[in-house]
Amino acid sequence: MAEGSSDLEKTESATPKRLEKAREEGDVPRSRELSTCVTLLAMGGAFWFTGRSLMRSLDQSLTDGLSFDHALAFDSQLLLNHLGANLGSVLLAFAPLALLVVAVAVLAPVLLGGWVFTAKAFAPKLSRLSPFTGIGNICSTHAAVELAKAIGKTVIVGGIAVAVAMSQRDALLGLALEPPDEGSAHLCELLLVSFIAISSGLLLIAVIDAPYQLWHHASKLKMTREEIRQETKESDGDPQIKSRIRARQREMARRRMMSEVPKADVIVTNPTHFAVALKYDEGVARAPRVVAKGADEIAAKIRELGVAAGVPLLEAPPLARALYRHAELGDEIPQALYTAVAEVLAYVFQLRAFRGGSGVRPMPPTAIDVPVDLDPAAIAATA
């Protein structure tokens, strides 16, 4: 029971296939705090470098908007054109900043989990309408962490805002004594510094939230051992089915091999343990090739088919062992065995001529020379 229950517990890390499937469904780690912090800091930095030119553009647009001649006051079309031109100037002044903010907002998620677009994320899920699911989400550990995060943001951002306001209290009170132009520029500078300082406070939350989101995503996708076994079975196939397929393939290969036995020129035997069928296509191949080979029961079947088809059988144990060990099915014989096999083929051709009615019956070769290093029995005897 203990082993069965452990197989149902999600204790194993998600497999690459599970992670890829989750990514296709839009389920990737995301940190809203990291994206918000990066976007706000980018906005503050953009204001810091482009604030003066932006203020000059807005000041010029405001001056142009409040300045008009007698013709504009009595011609509505000219007035609308004048207002449209001023509005275009304002939008053009804000365009670089807006484009930067949009670009950062789109690219910020790439920092954690990458950028993913999938239509499956927009598919309706009826489970979201279940009150039990909603209650479970409210009472979950993730909800508690989100609540703690919200409280932490309030405390940190509020504390930084109070600290910044207290540190700039004298400067804020002194704005009333400054000329309008200098006071406006100084106020914008104070607001920008405060904005960047408060936004930087979110960096602490983002540094904590990003690793947590990675851990939470990995924990959510954990799998049981049974799920991993099932996935492996689906990916690689059922071992029993694969075993039957391999057995079927071996049987088909054996049948193809047996169908070549009647076409062979000679079958070299051990005489009982091994049998190798050879065929020589003169003018096509450089040397005879092995069309069938086998041991024990397969060797007996090869001999049986050879006898039925009238293929000559030659007992040459050293040569049969060497061919079985060193010649692959369908390949030409090794060059070291050319001389030995040539002696066998010479006997076969003489026997074929005798059966055709010419010459005398040849005597089978009895002392075929096979290199010692190619005969397994000879190697074993000298070892």
Side-chain angles (χ1 to χ4, degrees), residues 243 245-383:
S243 177
I245 292 175
R246 286 195 295 267
R248 181 67 174 173
Q249 290 173 342
R250 287 194 297 268
E251 180 63 25
M252 293 176 63
R254 186 178 304 170
R255 289 180 180 178
R256 287 195 299 269
M257 181 182 71
M258 292 302 180
S259 67
E260 295 293 325
V261 172
K263 306 174 185 178
D265 293 320
V266 64
I267 298 176
V268 183
T269 66
N270 194 31
T272 57
H273 293 296
F274 301 106
V276 180
L278 301 177
K279 182 174 179 58
Y280 179 48
D281 296 319
E282 189 174 0
V284 177
R286 297 179 304 173
R289 59 186 179 88
V290 178
V291 295
K293 71 174 186 175
D296 299 328
E297 295 180 0
I298 299 178
K301 185 66 175 177
I302 292 175
R303 291 194 301 271
E304 179 184 347
L305 292 174
V307 171
V311 179
L313 271 66
L314 177 66
E315 293 185 10
L319 180 59
R321 292 191 295 264
L323 288 171
Y324 183 83
R325 175 63 63 87
H326 301 287
E328 296 297 329
L329 185 65
D331 292 346
E332 296 180 355
I333 63 173
Q335 188 174 3
L337 296 176
Y338 278 5
T339 302
V341 174
E343 189 174 351
V344 172
L345 290 179
Y347 162 73
V348 171
F349 293 152
Q350 292 174 6
L351 181 62
R352 188 177 298 170
F354 169 74
R355 290 177 177 177
S358 62
V360 296
R361 185 181 186 88
M363 296 296 295
T366 57
I368 299 177
D369 186 21
V370 175
V372 178
D373 58 342
L374 294 183
D375 185 359
I379 295 174
T382 56

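Keep in mind that the numbers below use all heavy atoms, side chains included, and drop hydrogens, waters and symmetry copies.
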*Within the distance-only criterion (no hydrogens, no angle test), does the side chain of Lys279 pair as donor or acceptor with the backbone N or O of Lys263 below 3.5 angstrom?*
yes
(message) Are Val290 and Leu278 packed together at the side-chain level, in the sense that at least one heavy-atom pair is separated by less than 4.5 angstrom?
(response) yes
* State, yes or no, whether a side-chain contact exists between Arg321 and Asn270 at a heavy-atom distance under 4.5 Å. => yes
Contacts of Arg256 meeting salt bridge (charged side-chain N to carboxylate O under 4.0 Å, His left out) (sequence neighbours excluded), chain-then-number -> none
Smallest heavy-atom separation, Lys293 atom then Ala327 atom, equals NZ-O, 2.8 Å
Glu343 meets the salt bridge (charged side-chain N to carboxylate O under 4.0 Å, His left out) criterion, sequence neighbours left out, with none
Practice item. Go through the steps for Leu319 and Leu337 under the test side-chain contact (heavy atoms from CB on, under 4.5 Å), then give the verdict. Key: CA-CA 8 Å; Leu319 180 59; Leu337 296 176; 4.3 Å; yes
Nearest heavy-atom approach of Tyr280 to Ala287 is CD1-C, 3.8 Å
For atom NE2 of His273, decide whether the heavy atoms of other residues, nucleotides or ligands shown that lie under 6.0 angstrom number more than 12. no
Closest heavy-atom pair, Val276 versus Ala320, reported as atoms and distance to 0.1 Å, is CG2-O, 3.9 Å
All heavy atoms of Gln350 vs all of Pro362, minimum pair found to be OE1-CB, 3.3 Å
CG (Asp281) with more than 12 external heavy atoms under 6.0 Å | yes
Applying salt bridge (charged side-chain N to carboxylate O under 4.0 Å, His left out) to Asp331 and not counting sequence neighbours gives none
Val291/Val261 under side-chain contact (heavy atoms from CB on, under 4.5 Å): CA gap, chis, key distance, verdict: CA-CA 7 Å; Val291 295; Val261 172; 5.9 Å; no
Looking only at heavy atoms, the pair that brings Ala275 and Ile267 closest together is CB-CG2, 4.2 Å
Salt bridge present between Asp265 and Arg352 (N-O < 4.0 angstrom) = yes
Sorted by chain and residue number, the salt bridge (charged side-chain N to carboxylate O under 4.0 Å, His left out) partners of Glu251 (sequence neighbours excluded) come out as Arg254, Arg255
Rounding to 0.5 Å, atoms OH (Tyr347) and OG1 (Thr366) come to a distance of 11.5 Å
Practice problem: Determine whether Pro317 and Thr269 make a side-chain contact, defined as any pair of heavy atoms from C-beta on separated by less than 4.5 Å. | Solution: no
Looking only at heavy atoms, the pair that brings Ala336 and Pro371 closest together is O-CG, 3.7 Å
- Task: Flag the pair Leu351 / Arg361 as yes when at least one side-chain heavy-atom distance between them is below 4.5 Å, and no otherwise.
- Result: yes
Result block: side-chain N/O donor-acceptor pairs under 3.5 angstrom for residues 297-314, not counting sequence neighbours:
from: Arg303; atom 1: NH1; to: Pro271; atom 2: O; distance (Å): 3.0
from: Arg303; atom 1: NH1; to: Thr272; atom 2: O; distance (Å): 3.3

Residues passing the ring pair (Phe, Tyr, Trp, His ring centres under 6.0 Å) test with Tyr324, sequence neighbours excluded, are Phe274
>> Please evaluate residues Met257 and Leu329 with respect to the criterion side-chain contact (heavy atoms from CB on, under 4.5 Å), reporting the C-alpha separation (whole Å), side-chain torsions for both, the decisive distance (0.1 Å), and the verdict.
In response: CA-CA 9 Å; Met257 181 182 71; Leu329 185 65; 3.9 Å; yes
